[in-house]
Amino acid sequence: MSAAAPALELHDVTVAYGRRPVLWNVDLSVDAPGLFGIIGPNGAGKSTLLKAALGLVPLAGGTVRFFGRPLAEVRGRIGYVPQRETVDWDFPVSVLDVVLMGTYGGLGWFRRPGAAQREAARAALDRVGLADLAGRQIGRLSGGQQQRVFLARALVQAADLYLLDEPLAGVDARSQDRIFRVLDELRSEGRLVVVVHHDLRTAAEWFDGVALVDMRLVAAGPVAAVLTPENLHRTYAGHLDVLDELGRAVERGGRTS
Amino acid sequence: MSQPAGIPYNTLVVAAAVAAVGFAAGVIGSFGVLRRRALVSDAAAHATLAGVVAAFLATGRRDLPTLLAGAFAAAVLALGGLVVIRRFTRTRDDAATAIVLGVSFGLGIALLAGISARGIPGAGGLEHFLLGHTAALTAGDATALAAAAALAVLIVWLGLKEATLVAFDPAFAAATGWPVALIDYALVTLMAAMVVVGLPAAGAVLVTALVVIPPVTARLWTERVATMVPLAGAIGLVAAVGGVATSNAVPRLPTGPTIVLVAAGVFSLSFFVAPRRGWFARRRAAVDAARALAERLRAAAAGEQTAPDPRGA
Amino acid sequence: MNLVPGSEGGFAALHAWAIATAAVVAAGCALVGTLLVVRRMSLLGDAISHAVLPGIVLAVLAGGRPGGFAVLGGAVVAAVVTVLLVQALRSEGGVAEDAGTGVVFTTLFAVGVVLASALARRIDLDPSCVLYGVLEFVPFDTVAVAGLEVPRAFLTGVVVLGLVGAGLAATWKDQVFAAFDAEAARAVGVPVAAVTTGLLAATALVTVASFEAVGAILVVAMLVVPAAAAELLVRRLAWMAVVAVVLGVAAACLGYMAAYRLDTSAAGMIAVVLGLEYAVAAIVAPEDGVLARGAARARLAWRVRCEDLLARLWRADEARAGPPAATGPGDWAAAAWLRVSGRIVRDGDRWGLTAPGRAEAETVVRSHRLWEAWLGRHVELPLDHLHPPAEWIEHHLGADVRRRIEAEVGGEESDPHGRAIPRERGRPNA
């Protein structure tokens, strides 16, 4: 990838649900390789930021570029791990079926996965330590194993940039270690891994860079520079009533008090 | 015409067509059920009555292709109505479904009653679309229905991968570049088409059962989409053929309810005896799990390592 | 199947009874439907209205009369069985609720139709009546009450409306609480399960009372549509119930009359009128209606244009470069309005602000620069990215929030670009 264009670049991104903005004027640029955390309190808009970058929720303003280009041109280079709660784990598919879904984007319309895709899927499962569970229905896994299945599905996408939404929420210690080992490998291979994360304690030791988010970007950059007491206070204690009020006013099309 | 074992040619053709329709309904209904859209098809189904009557009024013809074209248009309009309500109001989805269902069916009833009150010639028999009636199907009609059903199955077979992906994880599908809304619309349109194709056999009021009960039943038997879809088709086939045969044997009995009852019979049986998800299997699994838990607790009490398993799965 | 049109008193009375019956059952349905809609149980209402059929048929078979109390009881039992079955399918078989509902109510309805067909000679229950009722024949089946011949269906409707109305009135607070937040209600000791069961029983009662008039399927329209329309029109639950009842009764009267004029099924036309009511509500609703939202959008767009023009003139003054030589064609309309309303003046091809116009422009510019200052303080954003968000937010800041922002940015005299922030004034037009 060219040195000039950052792997992920957000310009003045504002995201609204309906007409009410929930994430304001985010300006962020992250280079590969690295392990980058997006951190903030509950309801701060961390996942929304990821979804907006991927075009899953519409932008109310601003632009997103990957490797200097619009999303549609580089989709194949981006892997995504959604939150585990977003799908029905009772769905009648096996672990291998789910991982194979990572190959669908490359296959295109109507072509079925073949031996090559199966092999890639098995390799990815092996990498997350679930090779022996390939045939199991996904509902019969633990939460951590389910999360690793999602990670394996992203791995077969063979992407240069990975976006993970809360991959460690409700995950057992073994799965957590395994997941982080894989993310670490991805970084060593020169890729960028962006993780929405809720746990401040682990953030400092795992990530190279972080962004603190609470309805807006508080600070972004190397861990040491960003995770200062002042920034953390602004993120976690300084809830901005002004933004709440303003959001409601914008939604109404009127003015605040 | 040769008639094996004394069964009229026409009856054989109709039976084959009903079998094909039942199979297709089960196949396509599978994705409706998996995508949690089971009752959306009911709104489309109830709307078809208005379409049938309107098609007759507009063209003065009462051949099956004309009437079913009207039915399909009405079903698509009903689904469009759902989309409009969702887009422009804050009415919840469940209420929206009930509104479209009730109002469109009322319109159909009003049109039907208006026609019969005026004694318009040739209108007799339209009321058979309420509860289903296969006796009047011609061999040509039946062949056309079978062809439409086969086409629908072919489309789903082609798009099996895409439909499964969107049903399971629409967010991931969208993030990897699949046009989720388009695939959704295609599936819902296919559901509407199935409802229409099933209309002559099962009737507007009960045709939903043909796209809902077989998939729900098949799901009890298998953990894989690739197995569930053909199995749902097979159950739909059995229900449709069994229902038509039963209703033909009993005078005055409409076909729709008998099809539903056969399907419900297969469902009830499956509910109890299916492996793993069946009632008996679950009971046994619950007992086994309790026993295993007791075993683990005993081991833990004995000072061995405790296996951390936060979800207990 | 319609009555012979006639102007004699006897015929008028028959029509009046039919309309009264339709209105009474519509009122009961709308009342119950209000709670079903807010509790997201609309489709359960649909399911129950189908599933009461076997209960009714069996009760009739056992000697009950249509509209009699045995039949009401049979319907309630069938409704409860429906709900229990759906719950059992979910908890014991892992069947999702919507799919389970689809399985149960189609099956029960099929059982009812088959029973009614098979026993058609032994009982007086026509399958087509099951589907869409016979409102037109209701006045002919009467009972004597205090010397007056009253249609049985009307009497049933009144009794059921009274029962359901009294029941809901007595438990209204609990119903509202359970609808608003079932978890919290349970936590403070509201018997949510009992409240819900009561609601289901009420659904069954109004369904079966409506059965003769409009049939099994159109009941769902009478249950859900008035309530959904009312929800678009008003916010409070009690008002919603009132409006739903009014809409339901109006649709019953108008639908019947329309059916008479058009010579068709009254039940069908009632549902059609309900649909029209809903469509009108969706268009004219005061806050969320299509018209109201369009108007709000247009108002905002117009205000933004006017304010942008004022701010441009003010900034031009500030830069001492003279007013802009020409305003773009898109702004001519705004300029014309601002002139008429006395906020700008025109002198040849030069434009200037009047005192009120200046005050308003200053408020906009003040909002803009305060927002830039606020963003500079709270948001990690390069200096050259501050302008676009402020250009948007300047139209949404009110005086109170402006003062709070000013206090927060410490009474700074200038925005991050170093330009002066105008002081807050009194009301611009005062």
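So you know, we letter chains A, B, ... as the sequences are listed, proteins then strands, and number each from 1.
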For chain C, which residues of residues 259-267 of chain B have at least one non-hydrogen atom nearer than 4.5 Å to it?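 Checking residues 259-267 of chain B against chain C gives Val260(B), Leu261(B), Ala264(B), Phe267(B).
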
Once rounded to the nearest 0.5 Å, what's the spacing between atom [atom1] of [X] and atom [atom2] of [Y]?
X         : Y         : atom1 : atom2 : answer
Ile99(B)  : Leu223(C) : CD1   : CG    : 12.0 Å
Asp42(B)  : Leu43(C)  : CG    : CG    : 8.5 Å
Glu231(C) : Arg90(B)  : CD    : CZ    : 5.5 Å
Leu39(B)  : Ser42(C)  : CG    : OG    : 11.5 Å
Met269(C) : Leu107(B) : CE    : CG    : 8.0 Å

Does [Y] offer a backbone N or O that forms a donor-acceptor pair with the side chain of [X] under 3.5 Å?
X         : Y         : value
Thr264(C) : Gly114(B) : yes
Arg118(B) : Asp263(C) : yes
Asp46(C)  : Ala98(B)  : no

Under 4.5 Å between any side-chain heavy atoms of Asp288(C) and Thr89(B), yes or no? no

Winner by heavy-atom pair count (cut-off under 4.5 Å) against chain C, out of [options]:
options                        : answer
Leu101(B), Asp93(B), Thr208(B) : Leu101(B)
Asp94(B), Val212(B), Ile85(B)  : Asp94(B)
Val205(B), Val84(B), Val100(B) : Val205(B)

[X], part contacting chain B, at a heavy-atom distance under 4.5 Å:
X         : answer
Ala99(C)  : both
Asp98(C)  : both
Met222(C) : neither
Val290(C) : side chain
Val111(C) : both
Leu89(C)  : both
Ala88(C)  : backbone

Closest heavy-atom pair and its distance - [X], [Y]:
X         : Y         : result
His46(B)  : His50(C)  : NE2-NE2, 3.8 Å
Val103(B) : Gly275(C) : CG2-CA, 3.6 Å
Ala96(C)  : Arg36(B)  : CB-NE, 3.5 Å

Select, from [options], the one with the greatest count of heavy-atom pairs under 4.5 Å involving chain B.
options                                   : result
Val224(C), Val103(C), Val95(C), Val272(C) : Val103(C)
Leu276(C), Leu232(C), Ile283(C)           : Leu232(C)
Leu262(C), Val219(C), Ile270(C)           : Leu262(C)

Identify which part of [X] has an atom lying under 4.5 Å from any heavy atom of chain C, answering side chain, backbone, both or neither.
X         : value
Leu220(B) : side chain
Pro254(B) : side chain
Phe271(B) : side chain
Ile115(B) : neither

Residues which pass side chain to side chain contact (heavy atoms under 4.5 Å, CB included) with Ala192(B), listed by chain and number, not counting sequence neighbours: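 Counting only residues at least two positions away or on another chain, Ala192(B) forms a side chain to side chain contact (heavy atoms under 4.5 Å, CB included) with Phe72(B), Ala75(B), Leu79(B).
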
Arg283(B) vs Glu92(C), test: salt bridge (charged side-chain N to carboxylate O under 4.0 Å, His left out). Steps then yes/no. CA-CA 9 Å; Arg283(B) 278 294 115 106; Glu92(C) 300 294 319; 2.9 Å; yes

